Peer 1: 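Quick one: the structure is below, and I'll ask about it shortly.
Every number for a ligand or one of its atoms is a count from 1 in the order of the listing. In this text, all values refer to a predicted model and were calculated from it rather than measured experimentally.
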Amino acid sequence: MIRVHGYLGQVTERLHQDAASADLVVGGRRHLDALGVPEDRRVVLGPLSPAVEALRELPPGGRAVVVASGDPLLFGVVRSLRKAGLEVEVVPAISSFQAAFAAVGLPWDDAQLVSAHAGGIDAAVRVCRTHPKVGVLTSPRAGVRDLASALGGSGKHFVVAERLGEPGQRVRVLTADEVLALGEDDIAEPNVVLVLDHDPASPEAIGTTPQLQGDPNAGSATSATVDSAGTETAGDGGEPVIGQVYNSNRSRTRADEIESALGVTTRRYDMPASRGLVAAWQECDLIVSHLALGATTRLIAPLLADKHTDPGVVVVDEAGRFAIPLVGGHVGGANDLARRIGEGLGATAVVSTATDSLGIPALDQLGWGFEGDVAHVTGAIIDGRGVRLVKRHPWTLPPLPPNVSPDAATPVARIVVTDEATVGDDPVSGDLPTVVLHPRSLVVGMGCNKGTETDELQALLDETLAEAGLSPASLAAIVSVDLKASELGLVKLAHRLGVPFLTYPASELDAQPVPNPSEIVRAEVGTGSVSEASVLAHGAQLVVGKRKSPVATCAVGRIPARGRLHVVGLGPGARDLLTPRAARVVRNANHVVGYAPYVRQVRDLVSPYAEVLATKMGTEETRVAAAIESARSGNDVAFVCGGDPSIYAMASPTLEMGTDGIDVDIVPGVTAELAVSAILGAPLGHDHATISLSDLHTDWDVICERVRAAAQGDLVITLYNPRSRTRRHHLPDALAIIASHRGPGTPVAVVAQAERRQQAVHLSTLADFQPEWVDMNSLVVVGSSTTRFVTSGSGDLRMVTPRDYHWMAATQNPPEEQIPERTSRLDDHTARADEPSGAKE
Ligand code: SAH
């Protein structure tokens with residue numbers, strides 16, 4: 001029989017007796033000496049295998065004692081003995097961790113424990129970096145000085161606990177610098193070290209009782225976890241940490257490019273790949289690996305655990321041509337990151353998850369709460385089998401293939417979209433595999449006494465929702481009166497639930513027609529209602545009237561399900577002048593409306609399941625009406641325009657027509673004037689006017705008046721819609737007006753088809769200008785009295801309107817004969833879409 005005794009400085013009576021009567025006593029020399037075990041019965045531990053051999057050879061009925069430091073079950077000898085096939089009886093003792101935490105009075109149920117004996121100092125350092133409370137079993141080779149030197153500058157507190165339970169026990173709380181100032185002899189063995197974010201005496205160090213994953217009683221903060229579909233920042237709203245791993249100069253430069261393309265600071269791991277990837281894996285939510293796909297795969301293979309907790313990994317090749325999400329495509333955010341890198345570097349994002357490559361939205365990535373069998377239902381969608389869609393209200397979903405529909409024949413799965421807590425009976429598809437999606441449709445109004453605790457507020461909120469059968473995962477916001485904007489309980493509650501906390505002025509709340517106003521409340525806060533009125537002020541419909549606890553009030557509203565109309569500017573034509581925002585809106589739309597050439601310009605971005613309405617010229621009114629109507633019916637509509645949507649385009653007629661009942665979002669684009677200005681140089685460097693010569697919507701007299709005023713004002717003038725097949729005289733007339741205020745040498749430029757394949761540039765002067773250079777896809781820029789041509793480094797002429805800096809010598813126009821008529825085409829490297837053939841909106 002082998003009995004393993006824990007020992008932390010105290011020889012118990014029982015250990016004493018067992019050791020005295022055992023045939024064999026195994027232990028450290030320190031332990032054996034303390035027990036006075038004679039040489040012939042002792043096995044001194046260094047390596048374990050001789051001891052295991054000796055224990056195996058114990059005769060039947062023989063008795064052995066193994067003495068282990070601290071608790072033999074914690075990083076102790078029991079695991080090894082049992083693995084070696086030996087049967088043991090264990091007499092526990094307190095562990096050195098317990099004694100060390102006890103010495104500073106800290107709970108340790110939320111601590112991470114590591115052994116530097118087994119894992120080495122690097123593993124211990126990684127855990128210390130990412131965790132606020134860590135206990136480290138040190139060894140002479142991997143001790144507190146190694147920890148302190150790796151963690152210097154991190155502000156950590158080191159509790160160095162030496163010779164616990166023994167004579168000479170000492171516990172010191174030191175900073176990294178203080179540890180490093182110690183000599184080797186100033187640290188006694190054995191010791192254990194606690195590495196803490198906070199001074200052990202401070203309240204922050206106490207920490208909180210840990211909530212275990214999968215614990216059904218883990219508390220009501222679960223809505224925050226259901227919340228953002230399990231993404232890495234669920235619950236705390238923080239930005240994900242992105243790490244970049246590389247070890248070559250070229251990749252270092254690429255890493256800089258990625259950082260500026262993403263607009264965030266990334267953590268850099270410029271070290272041997274194996275170390276870099278492992279460290280990044282511990283410390284980051286997303287990793288960009290600049291190693292080969294194969295090397296990255298091999299290095300992360302042993303680290304893979306679970307797609308819900310593993311970081312997302314994107315591999316970028318040495319030439320920066322591809323961004324390849326390797327793991328964590330959806331939940332880990334790698335697909336999104338790869339796309340952003342692709343957009344930033346002009347690289348191709350190689351996305352291989354089925355939903356993405358087929359253009360099917362990931363049900364767990366909608367930003368809504370979700371539950372149920374996502375994998376099964378997604379599989380059915382991908383396979384083209386019937387999926388029944390049940391929507392309680394007309395909430396907008398991203399484009400879905402036709403096999404997903406409210407009346408899918410012979411459905412094999414179902415999607416229920418609801419803000420209710422239960423799905424309810426559905427005789428057709430009730431027992432099918434189901435995903436329940438909870439849109440962010442509920443707003444909770446709350447009022448409370450000063451100083452009310454977050455837990456009390458949450459209890460009232462939970463009860464109110466539960467009683468009404470509503471799901472906390474559908475919560476969109478908590479709202480209240482301005483007076484409560486800094487009420488800590490409410491602020492913390494919103495933070496805990498991962499929703500915004502918004503407040504309204506008392507006067508605005510008092511104007512709301514609430515069912516249950518209170519004179520007492522009005523006297524106190526200046527409005528007869530807080531909870532109900534703030535729900536109404538938020539634009540929601542009241543679904544649960546005021547409910548009270550002794551200290552707080554709560555009401556719930558539903559934000560009406562509204563379609564969205566994005567009026568989107570696509571820029572002049574080149575794909576890299578389409579903004580990422582515009583591209584995203586087009587991708588997510590389930591209805592795309594626009595003048596046919598513009599729709600063609602982004603056809604590749606449109607979901608295969610989106611409806612498309614591409615109209616001809618001259619049907620603006622029909623187009624606007626169709627876009628608004630579509631949004632009213634609950635669609636997410638991208639109404640696309642060339643250039644910018646508000647510059648001679650569809651944003652103003654859309655807003656003018658009336659957009660009741662829908663959300664309107666204007667997405668800016670690079671207008672022709674800006675694209676043309678950049679091609680020419682800097683003609684808009686000083687004050688300028690933009691005038692459309694189209695008299696379809698404006699009287700010609702008014703246009704002439706404006707041209708005259710701009711000419712008198714010596715403004716640079718950009719002429720949109722300068723000429724069409726039927727409008728021939730307008731441009732010469734306008735130029736004649738300008739010429740009566742400016743000299744014949746005034747620079748004039750025409751750019752036709754800017755940023756499209758057929759781009760053509762003509763530089764000239766008022767005297768020499770030829771209207772034939774101009775068609776309806778052109779923009780004409782007439783300089784002011786100070787605009788001139790300069791020669792750039794490459795020998796090209798550029799048009800410049802000086803900003804009149806005093807420190808610059810005045811530049812002269814080059815002699816007339818040096819102003820050639822210039823026609824240029826763009827280099828082929830710019831990605832280009834089909835260009836609109838005629839552009840008048
Ligand atoms: N919303 C558009 C303007 C529409 S009005 C924008 O912001 O750019 C149409 C006029 O814009 C055309 O007649 C032409 O004058 C000008 N235009 C639009 N795209 C152009 C391009 N790529 N190159 C030159 N001119 C362009």
Peer 1: Looking only at distances, please establish whether an N/O atom of ligand 1 is found under 3.5 Å from an N/O atom of Asn721.
Peer 2: yes
Peer 1: Looking at ligand 1, is there an atom of it that comes within less than 4.0 Å of some heavy atom belonging to Cys641?
Peer 2: no
Peer 1: What atoms of ligand 1 come closer than 4.0 angstrom to any heavy atom of Met776?
Peer 2: 12 (C), 13 (O), 14 (C)
Peer 1: Establish, from distance only, whether the side-chain atoms of Thr791 and Asp796 form a donor-acceptor pair under 3.5 Å.
Peer 2: no
Peer 1: Within ligand 1, which atoms have a heavy atom of Ile647 less than 4.0 Å away?
Peer 2: 1 (N), 2 (C), 3 (C), 4 (C), 7 (O)
Peer 1: Are Asp364 and His330 close enough that a side-chain donor and a side-chain acceptor fall under 3.5 Å?
Peer 2: no
Peer 1: Check ligand 1 against Val751 and write out every atom of the ligand that is under 4.0 Å from a heavy-atom position of the residue.
Peer 2: 24 (C)
Peer 1: Check contact between Gly573 and ligand 1, using heavy atoms of the residue and a distance below 4.0 angstrom.
Peer 2: no
Peer 1: Does Arg250 CZ have over 12 foreign heavy atoms under 6.0 Å away?
Peer 2: no
Peer 1: According to ring pair (Phe, Tyr, Trp, His ring centres under 6.0 Å), who are the partners of Phe769, at least two apart in sequence or on a separate chain?
Peer 2: Trp773
Peer 1: Applying a heavy-atom cut-off of 4.0 Å, say which part of Ser778 lies close to ligand 1: side chain, backbone, both or neither.
Peer 2: backbone
Peer 1: Under a 3.5 Å distance rule, please check whether Arg623 uses its side chain to pair with a backbone N or O of Lys616 as donor and acceptor.
Peer 2: yes
Peer 1: For atom 2 (C) of ligand 1, state which one of Gly642, Ser692, Ser694 supplies the nearest heavy atom.
Peer 2: Gly642
Peer 1: Would you please name every residue forming a ring pair (Phe, Tyr, Trp, His ring centres under 6.0 Å) with His741, sequence neighbours left out?
Peer 2: none
Peer 1: Just jot down the ligand 1 atoms closer than 4.0 angstrom to any heavy atom of Thr671, in number order.
Peer 2: 6 (C), 7 (O), 8 (O)
Peer 1: Just jot down the ligand 1 atoms closer than 4.0 angstrom to any heavy atom of Pro572, in number order.
Peer 2: 22 (N)
Peer 1: Output yes when the distance from some N or O of ligand 1 to some N or O of Ala752 is under 3.5 Å, and no in every other case.
Peer 2: no
Peer 1: Verify, without hydrogens or angle tests, whether Ser724 (side chain) and Arg727 (backbone) share a donor-acceptor contact under 3.5 angstrom.
Peer 2: yes
Peer 1: With heavy atoms of Tyr648 as the reference, note each atom of ligand 1 found under 4.0 Å away.
Peer 2: 4 (C), 5 (S)
Peer 1: So does Thr579 get a backbone contact from the side chain of Arg584, meaning a donor-acceptor N/O pair under 3.5 Å?
Peer 2: no
Peer 1: Given that the side chain starts at C-beta and the backbone is N, CA, C, O, which of these parts of Ala649 lies under 4.0 Å from ligand 1, counting heavy atoms, or is it both or neither?
Peer 2: side chain
Peer 1: I'd like to know if Asp636 and Arg564 make a salt bridge, using a cut-off of under 4.0 Å between side-chain N and carboxylate O.
Peer 2: yes
Peer 1: Ignoring hydrogens and geometry, is there a side-chain-to-backbone donor-acceptor pair from Asp695 to Asp699 under 3.5 Å?
Peer 2: no
Peer 1: Within the 4.0 Å heavy-atom shell around Ala672, which atoms of ligand 1 are there?
Peer 2: 6 (C), 7 (O), 8 (O), 16 (C), 17 (N), 18 (C), 19 (N), 20 (C), 25 (N), 26 (C)
Peer 1: Answer side chain, backbone, both or neither: which part of Gln753 comes under 4.0 Å from ligand 1, heavy atoms only.
Peer 2: backbone
Peer 1: Suppose I only count heavy atoms of Pro722 and a 4.0 Å limit; which atoms of ligand 1 are within that range?
Peer 2: 15 (O)
